[in-house]
Amino acid sequence: MGDSIDNIVPHYGMSAGDGPHSYRGALDAVKPILEEEIAAKFDIWSGQEALCIADFGCSTGHNSFEALRIIIEAIKRKHESSDLKIPEFHVFFNDVVANDFNTLFSSLPTDRNYYVAAVPGDFHRRLLPPSSLHFAYSSWALMWLTEAPEAAEYGGDGYLEQFERDLDSFLKCRAVEMVDGGLMALLIPGVPALWDQEKEFTVASVVEPLRSCLVNMAEKGRLSKAKIESFKVPQYFPNHQQLRAILERSESFSIERMETLKHGRTSYSAEARAKSIRAALQTMIARHFGDEIIDELFHLYKEKLAASPIFRELNNDKTVVLLAILKRTNLQCETAARLLI
């Protein structure tokens with residue numbers, strides 16, 4: 001496979017805990033959709049001994065476990081309704097090499113009905129054998145980019161182009177690994193096509209107040225301004241139309257369903273928001289600026305959020321969760337077959 005993954009993509013490991021992977025409110029809305037799509041679209045076969053599921057970008061697993069329970073129970077019900085033997089379930093947890101897999105495995109549900117294995121590595125590369133995967137799942141992970149574009153404005157066209165390249169790589173790798181007829185569920189935090197940045201905020205708004213805090217610390221001599229200028233957050237949060245356009249270009253997956261869901265939070269204090277962003281970005285910030293600034297930085301960040309009339313009001317949060325259900329299929333062969341009819 002060429003260069004080591006260590007030399008290809010930086011490893012931004014999540015800190016232990018839920019962090020921004022906490023989307024339980026959104027998962028309540030996702031649950032019936034997953035169940036419906038599995039019942040209607042997931043292919044099952046007589047005599048199948050084992051069924052493989054992978055969670056790409058699992059973090060420490062706290063939210064993965066509930067999603068996996070929903071997926072496995074729905075697949076079991078489909079086998080039961082077809083009078084087929086329920087196969088064994090093998091679950092692969094994937095995240096970057098620096099991920100805290102120890103916390104994940106120590107937190108596994110004691111009543112789980114599946115075997116588990118860790119698959120560390122960059123999910124923009126091949127990770128599993130060909131035609132071995134029946135269901136792929138990824139939640140709050142695909143917004144991470146393999147790199148932040150040079151000389152590009154955060155969230156601008158350069159970031160969108162990088163997101164397109166990275167998502168295309170992800171899909172091409174999964175196309176090799178998945179069986180024909182396999183399903184994939186993607187949950188990606190996103191933004192509305194239109195929102196008022198002067199009065200509202202989204203998940204994409206968190207970087208600017210963080211950068212403001214860094215500038216305040218530089219003014220006090222706590223860090224260098226040159227370091228701030230070279231600091232970039234490799235994330236992109238698409239809107240519904242942008243994501244659909246990328247997925248429609250795939251020749252290996254058909255879009256079975258797409259939904260734009262509310263973020264599902266009913267309360268989110270400045271302190272909770274600061275902890276969430278710290279969990280996501282602490283490792284990257286510490287590598288760039290040093291560990292010694294972290295506590296002070298996120299204390300300032302919490303205060304800045306609490307003082308902002310925009311961030312104080314939960315109704316101003318216009319973050320959405322984009323859900324895409326895809327099916328592994330060869331669209332070129334399907335098109336050729338239709339032409340022969």
Checking [X] side chain against [Y] main chain: does a donor-acceptor pair fall under 3.5 Å?
| X | Y | result |
| --- | --- | --- |
| Ser82 | His79 | no |
| Asp180 | Thr329 | no |
| Ser254 | Glu256 | no |
| Lys318 | Asn315 | yes |
| Lys78 | Ala39 | yes |
| Ser106 | Asn102 | yes |
| Ser250 | Ser252 | yes |

Can you tell whether the side chains of [X] and [Y] come within less than 4.0 Å, N to carboxylate O?
| X | Y | value |
| --- | --- | --- |
| Glu219 | Lys225 | no |
| Lys302 | Glu271 | no |
| Arg174 | Glu177 | yes |
| Asp43 | Arg328 | no |

Over all heavy atoms of both residues, which pair between [X] and [Y] is shortest? Give the atoms and the distance, please.
| X | Y | answer |
| --- | --- | --- |
| Cys58 | Leu104 | SG-CD1, 3.4 Å |
| Phe101 | Asn94 | CZ-C, 4.4 Å |
| Ala148 | Pro234 | N-CB, 3.9 Å |
| Ala185 | Ile325 | CB-CD1, 3.8 Å |
| Ala286 | Ile294 | N-CD1, 4.0 Å |
| Val321 | Trp140 | CG2-CZ2, 4.0 Å |

Does a side-chain heavy-atom distance below 4.5 Å link [X] with [Y]?
| X | Y | answer |
| --- | --- | --- |
| Arg273 | Asp317 | yes |
| Leu223 | Ile293 | yes |
| Leu186 | Tyr137 | no |
| Tyr154 | Lys232 | no |
| Leu68 | Phe93 | yes |
| Val320 | Pro189 | no |
| Tyr236 | Asp166 | no |
| Ile188 | Leu323 | no |

Answer with yes or no whether the hydrophobic clustering places [X] together with [Y]; edges join I, L, V, M, F, W, Y residues whose side-chain heavy atoms lie under 4.5 Å apart.
| X | Y | value |
| --- | --- | --- |
| Val176 | Phe253 | no |
| Val179 | Leu127 | no |
| Phe135 | Trp45 | no |
| Ile246 | Ile255 | yes |

Q.
The criterion is ring pair (Phe, Tyr, Trp, His ring centres under 6.0 Å); which residues satisfy it with Phe170, sequence neighbours excluded?
A.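 Result, ring pair (Phe, Tyr, Trp, His ring centres under 6.0 Å) vs Phe170: Phe56, Phe123.
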Q: Please check if the distance between the ring centroids of Phe311 and Phe201 is under 6.0 Å.
A: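 Distance test on ring centres: under 6.0 Å, yes.
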Q: Would you sort out whether Arg77 and Glu35 count as a salt bridge (charged side-chain N to carboxylate O under 4.0 Å, His left out), showing the intermediate values?
A: CA-CA 10 Å; Arg77 284 194 296 273; Glu35 291 172 339; 3.4 Å; yes
Q) So Ser132 and Cys52, side-chain contact (heavy atoms from CB on, under 4.5 Å) or not? Walk me through it. A) CA-CA 7 Å; Ser132 63; Cys52 297; 5.5 Å; no
Under 3.5 Å, is there a donor-acceptor pair linking the side chains of [X] and [Y]?
| X | Y | answer |
| --- | --- | --- |
| Gln162 | Thr146 | yes |
| Asp100 | Thr60 | no |
| Lys304 | Ser212 | yes |

Consider side-chain contact (heavy atoms from CB on, under 4.5 Å). Of [options], which one does [X] pass it with?
| X | options | value |
| --- | --- | --- |
| Leu297 | Leu210, Leu281, Asn216 | Leu210 |
| Leu322 | Glu259, His240, Gln242, Arg244 | His240 |
| Leu183 | His134, Met178, Lys327 | Lys327 |

Interatomic distance, [X] atom [atom1] to [Y] atom [atom2] [nearest 0.5 angstrom]:
| X | Y | atom1 | atom2 | result |
| --- | --- | --- | --- | --- |
| Ile71 | Leu51 | CD1 | CG | 11.0 Å |
| Leu243 | Asn239 | CG | CG | 8.5 Å |
| Leu187 | Leu142 | CG | CG | 10.0 Å |
| His299 | Cys213 | NE2 | SG | 10.0 Å |
| Leu247 | Met258 | CG | CE | 5.5 Å |
| Ile86 | Gln48 | CD1 | CD | 12.0 Å |

Are there more than 12 heavy atoms of other residues, nucleotides or ligands under 6.0 Å from atom [atom1] of [X]?
| X | atom1 | answer |
| --- | --- | --- |
| Gln241 | CD | yes |
| Glu150 | CD | no |
| Asp196 | CG | yes |

**Q.** Derivation of the side-chain contact (heavy atoms from CB on, under 4.5 Å) call for Ile310 and Glu200
**A.** CA-CA 6 Å; Ile310 297 175; Glu200 300 167 334; 5.7 Å; no
**Q.** Residue pair Ile70, Glu66: steps toward the side-chain contact (heavy atoms from CB on, under 4.5 Å) verdict
**A.** CA-CA 6 Å; Ile70 293 168; Glu66 177 60 17; 3.9 Å; yes
**Q.** Residue that, paired with Asp122, satisfies side chain to side chain donor-acceptor pair (under 3.5 Å) out of Arg126, His124, Arg125
**A.**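 Testing each of Arg126, His124, Arg125 against Asp122, the sole residue satisfying side chain to side chain donor-acceptor pair (under 3.5 Å) is His124.
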**Q.** Step-by-step side-chain contact (heavy atoms from CB on, under 4.5 Å) determination, Phe231 to His288
**A.** CA-CA 7 Å; Phe231 178 64; His288 192 83; 3.7 Å; yes
Q: Could you please spell out the steps behind the salt bridge (charged side-chain N to carboxylate O under 4.0 Å, His left out) verdict for Lys76 and Glu73?
A: CA-CA 5 Å; Lys76 286 172 62 178; Glu73 289 303 313; 3.6 Å; yes
Enumerate donor-acceptor pairs with a distance under 3.5 Å from any side-chain N or O in residues 107-120 to protein atoms, sequence neighbours excluded.
unit_1, atom_1, unit_2, atom_2, d
Ser107, OG, Thr103, O, 2.7
Arg112, NH1, Pro109, O, 3.2

